[in-house]
Structure formats: structure tokens, C-alpha cells
Protein chains: 2
Amino acid sequence: MPGLSRATVARLPRYLRLLEDIDAERETVSSGDLAGAAGVNAANVRRDLSALGFQGTRGVGYSVAPLRDRIRRELGIDSRRRVAIVGAGNLGTALARYTGLGKRGFDVVAIYDVDPARIGERIGELTVLDLERITADCAAGNFEMAILAVPAGAAQPVADLLSSAGISSILNFAPQRVSVPDGVAVRHVDLSVELQILSYYG
Amino acid sequence: MPGLSRATVARLPRYLRLLEDIDAERETVSSGDLAGAAGVNAANVRRDLSALGFQGTRGVGYSVAPLRDRIRRELGIDSRRRVAIVGAGNLGTALARYTGLGKRGFDVVAIYDVDPARIGERIGELTVLDLERITADCAAGNFEMAILAVPAGAAQPVADLLSSAGISSILNFAPQRVSVPDGVAVRHVDLSVELQILSYYG
DNA sequence: TAGATTGTTAATCGATTAACAATC
DNA sequence: TAGATTGTTAATCGATTAACAATC
């Protein structure tokens with residue numbers, strides 16, 4: 001049903017960023033403009049937009065506003081997504097304070113930790129909640145996505161809790177891959193893995 | 001000269017993690033063990049290790065210690081890499097306090113900011129330095145890699161400074177892609193892009 | 001020998017890109 | 001008409017995987 005390839009989906013947010021930042025007076029963009037911003041080939045852009053069923057005009061380009069709306073709709077950004085952060089350590093706290101997510105359609109609605117010394121602490125507009133509550137809160141439909149900012153050993157147990165409570169997606173920053181049942185989407189971002197890859201090419 | 005495919009390099013750190021965490025008494029691992037830990041196919045593992053020129057023993061598996069050392073050497077982890085963090089906001093501060101990097105061969109040696117109110121502030125063992133100094137410090141060989149944790153608008157200018165000062169690699173957390181000259185390696189990690197991709201599949 | 005596991009081939013897959021006719 | 005740019009084809013590329021002979 002998705003229809004769009006993984007690689008195409010990964011590029012849509014980049015196109016969207018250009019379309020949102022572009023001069024309000026610009027009415028059209030070419031595949032070359034989009035390619036430049038996203039760091040890809042212009043033919044690739046045309047193919048992506050074609051897969052989206054979005055048509056441009058030969059000799060002219062693509063209409064900015066309709067394309068922007070089409071990508072937003074495809075990514076589901078017209079309806080906001082609610083995100084919980086798990087782990088109120090350095091990284092979790094930093095993510096909770098980051099205001100850039102709100103502009104992109106994501107609302108951070110809760111942050112959880114196991115440390116009694118942290119529970120109840122205020123971080124921006126949020127109060128750190130007891131991790132014990134997370135299953136109930138997730139099952140109650142308070143959020144659809146979670147960001148894991150926990151130590152390696154806690155990643156899989158927390159992912160299990162969330163999966164059984166019906167979470168849709170997990171973004172995992174813990175230095176440990178987690179496995180989840182079918183139907184739950186996961187992405188891993190591992191800082192030292194990223195640096196090691198860079199280090200190899202540097 | 002690299003010889004290893006990008007995809008293979010990206011998997012090596014995952015294999016390494018298993019090899020470092022494994023029971024000290026285990027002398028061998030099979031491609032199936034490594035595949036399970038890394039979330040890939042066993043044939044893929046064998047192909048990767050073969051590309052590395054590392055041989056196993058049929059019917060037995062791969063020797064843990066030599067394989068671990070071989071991967072470390074390939075990734076250049078036997079020599080430590082020095083990393084500077086640019087931007088002492090929420091994220092930059094969290095990264096500076098993160099102790100996981102040291103265990104993986106990366107030393108955070110400096111953190112920079114432009115805000116006079118932050119310059120001189122202590123973060124763990126580091127003192128926030130004036131961004132003005134970064135070109136000189138980089139050119140002096142104080143570090144080889146940089147992590148950008150700056151606002152979107154600052155990413156490209158900072159990347160330009162670092163490139164001209166001879167940086168090897170940049171890990172960019174700013175919500176804005178940067179372009180750099182040949183010879184500088186860059187990776188982008190964009191939190192809201194990651195969430196948008198997840199959101200599509202969730 | 002019997003069971004396990006490697007190393008490699010061949011098939012397949014998914015994605016990228018050059019090129020160019022179509023057409024604004 | 002002349003210039004620009006799309007939409008799509010065909011070629012290519014890089015990576016994955018099943019399968020199995022080799023061999024411990």
C-alpha cells in the first residue's frame with residue numbers, strides 16, 4: 001500500500017524543506033532546484049515526484065504551493081504526531097527542549113525516566129513522569145511515537161513495553177539495536193557508529 | 001583505495017559491538033551470530049568479512065579476538081580520534097556530556113559557541129571556547145572531526161570555516177544540509193527527517 | 001563419518017542516472 | 001519558433017540473498 005520506495009520517502013522531507021523556505025513570490029521550482037537543495041540528481045527528483053503522482057509542466061517546472069501540500073499530505077504532516085521521550089538524561093533533556101520539532105508537525109507530549117530523583121522534575125513545559133506509567137499512557141493513546149534516549153541495556157525492555165502497548169514508531173538513540181514486532185517501525189541513530197563511518201572515509 | 005563498500009563499512013561497527021560485548025570465554029562466532037546481532041543476513045556477514053580479507057574456519061566459525069582486532073584496525077579505532085563540538089546549546093551540551101564516545105575511541109577535546117554569555121562556561125571537563133578560535137585550533141591540528149550542533153543558518157558558514165582549516169570529517173546535526181569540498185567527509189542526522197520517515201511507515 | 005559452517009557463485013532486487021522525445 | 005524542462009525509457013550500478021560445494 002505505501003507504494004513509495006524507502007529511498008523516495010527519505011528524500012521527501014528534504015524537498016519539503018526547500019519548498020517551505022523558498023521565497024513566497026516563487027511560483028515554480030525545477031527538478032534541478034530541488035536536486036540542488038536535496039543533494040541528489042535531477043532525474044531522481046522527477047522520478048520521485050512522478051511516483052507521488054504529482055505532475056509538473058514541461059518547460060516551466062513544478063508549482064510550489066501544490067507540491068508542498070502534496071508532500072505534506074503524503075508524509076501525514078497535516079495531522080500532528082504526538083511523541084514521547086524516554087530517558088531524561090543529557091540527550092533526552094536536550095531533545096525535550098528542542099523547539100524545532102513543533103514546526104515540523106511533531107508535539108513532544110511527555111518525557112519518562114526511572115530515576116526517582118528525576119521524576120517530577122520540570123523540563124520546559126513538561127514534567128518528568130515515572131516510566132512505570134508509560135504502558136498505560138501509550139495504550140490510552142496519548143502518543144503514537146517514542147524517542148528512546150536510554151542506556152543500551154534499557155533499550156530493548158522499553159521497546160518491548162511500547163510495542164505491547166501499541167506504539168506505531170520508535171526512534172532509537174540508544175547504542176543498542178532493538179527488535180520489535182511487525183507493524184512497529186523503528187529507526188536507529190547511533191552516534192558512535194556515525195562517527196566510525198566518518199572516521200573510515202576521513 | 002578504501003576497497004570496502006559504504007554498506008559494509010556501516011555494518012562493521014555493529015559487528016564490533018557484538019565482539020566487544022561477547023562472553024570472554026567464547027572463542028568463535030558464526031556468521032549467524034553476527035547476523036542476528038546486526039540485523040542482517042548471514043550471507044551478508046560472510047561477504048563483508050571476506051571483503052575485509054578475514055577468513056573463518058568452515059564448520060567452526062570466526063575467531064573472536066582476531067576478528068575484533070581486524071575490525072578495529074580497519075575502522076582506525078586503535079588510534080584515537082579527536083572531536084570538536086560546535087554549538088553549546090541543548091544538543092551540543094548533551095553531546096559534550098555523553099561519555100559513550102570515549103569508550104569507542106573518540107575524545108571530545110573542545111566545544112565552541114558564538115554566544116558571549118556561554119563562552120567560558122564549564123561543561124564537564126571542557127570550557128566553552130569562542131567560535132572565532134576554531135579555524136586556528138583546527139588548522140593547528142587540535143582535532144580531526146567536528147560535530148555541528150548549531151542552528152540551521154550557521155551550519156554552512158561553520159562547515160566552510162572547518163573545511164578551509166583542513167578538517168577531515170563533519171557530523172552535522174543541524175536541520176540544514178551543508179556542502180563541502182572533496183576530501184571532507186560529511187554525514188547528516190536530521191531529527192525531524194527521521195521522525196517524518198518513521199511517521200510515513202507508522 | 002556426520003554435522004556445522006564457511007566462501008563464493010549466480011540470481012535477484014532496489015535504486016540511480018544519462019539520455020531524449022514530448023511539450024510547454 | 002527557440003529555449004527550457006518534464007516524464008519515461010533503458011542502461012547501469014551497488015547491494016542483498018539463496019543456494020551449495022568445499023571443508024573443518
Side-chain angles (χ1 to χ4, degrees), chain A residues 1-15 18-19 22 26-68 70-71 74 177 187-188 193 197 200-201, chain B residues 1-15 18-19 22 26-68 70-71 177 187 193 197 200-201:
Chain A
M1 182 55 175
L4 257 44
S5 80
R6 199 160 268 273
T8 295
V9 173
R11 283 187 294 266
L12 292 183
R14 303 191 205 164
Y15 303 152
L18 173 72
L19 294 166
I22 208 168
R26 284 283 299 276
E27 300 223 322
T28 59
V29 281
S30 69
S31 56
D33 295 335
L34 288 161
V40 302
N41 181 286
N44 211 327
V45 172
R46 295 197 294 276
R47 184 163 270 255
D48 286 340
L49 302 189
S50 178
L52 212 53
F54 191 89
Q55 299 207 333
T57 307
R58 289 165 202 247
V60 179
Y62 300 91
S63 299
V64 170
L67 177 54
R68 189 188 56 214
R70 180 70 188 83
I71 294 178
E74 191 66 27
R177 297 182 75 79
R187 284 179 76 91
H188 295 268
V193 167
I197 294 170
Y200 184 78
Y201 290 106
Chain B
M1 180 60 174
L4 259 42
S5 81
R6 198 159 269 271
T8 295
V9 173
R11 282 186 296 266
L12 292 184
R14 303 191 205 164
Y15 303 152
L18 172 72
L19 295 166
I22 209 169
R26 285 283 300 278
E27 299 223 323
T28 60
V29 281
S30 70
S31 56
D33 295 335
L34 288 161
V40 303
N41 181 285
N44 211 328
V45 172
R46 295 197 292 278
R47 183 162 271 255
D48 286 340
L49 302 190
S50 179
L52 212 51
F54 192 88
Q55 298 207 332
T57 308
R58 287 164 203 249
V60 179
Y62 300 91
S63 299
V64 170
L67 178 55
R68 189 190 55 215
R70 179 70 186 83
I71 294 178
R177 299 181 74 78
R187 284 178 76 89
V193 167
I197 294 170
Y200 183 78
Y201 290 107

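Applying the salt bridge (charged side-chain N to carboxylate O under 4.0 Å, His left out) rule to pairs touching residues 39-55 of chain A yields A:R11-A:D48, sequence neighbours excluded. Contacts classified as salt bridge (charged side-chain N to carboxylate O under 4.0 Å, His left out) and involving residues 55-67 of chain B (residues at least two apart or in different chains) are not found.
Considering CZ of B:R26 and CG of B:L19, their distance stands at 10.0 Å, rounded to 0.5 Å. With rounding to the nearest 0.5 Å, the separation of OG in A:S31 from OH in A:Y15 is 9.5 Å. In this structure, CD1 in B:I197 is found 9.0 Å from CG in A:L12, a value given to the nearest 0.5 Å. Expressed to the nearest 0.5 Å, how far CG of A:L52 lies from CD of A:E74 amounts to 5.0 Å. Separating the CD1 atom in B:I71 from the CG atom in B:L49 is a distance of 6.0 Å, to the nearest 0.5 Å.
Near-neighbour residues of DNA chain D inside residues 31-38 of chain B, defined by a heavy atom below 4.0 Å, are absent. Remark: A:R46, A:R47, A:S50 in residues 45-53 of chain A come within less than 4.0 Å of DNA chain D through at least one heavy atom.
Contact check for A:Y62 versus A:T28: no side-chain heavy atoms found under the 4.5 Å cut-off. For the pair A:N44 and A:T8, the minimum side-chain heavy-atom distance is 4.5 Å or more. Residues B:L34 and B:L67 meet the side-chain proximity criterion, which asks for heavy atoms closer than 4.5 Å.
For the pair B:R6 and A:Y200, the cation does not sit on the ring face, since its NZ or CZ is not both under 6.0 Å from the ring centre and inside 45° of the axis.
The nucleotide range of DNA chain C contacted by chain A, defined by atoms under 4.0 angstrom from heavy atoms of the protein and reported 5' to 3', is C:dA15 to C:dC24.
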Could you spell out the base pairing of DNA chain C as a dot-bracket line? Use Watson-Crick and G-U wobble contacts where both distances are under 3.5 Å, [ ] for crossing pairs, | for partners on a different strand. ..||||||||||||||||||||||
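Of all heavy-atom pairs between A:H188 and A:R177, the closest is CE1-CA, 3.1 Å. Closest approach of B:V9 to A:Y201, counting heavy atoms only: CG2-OH, 3.7 Å.
Toward the 5' end of DNA chain D, the nearer of the two residues B:T8 and A:V29, judged by each one's closest nucleotide, is A:V29. Along DNA chain C, the nucleotide closest to A:G59 and the one closest to A:N44 are compared, and the more 5′ of them pairs with A:N44. Where A:V60 and A:R11 each meet DNA chain C at their nearest nucleotide, the meeting point lying more 5' is that of A:R11.
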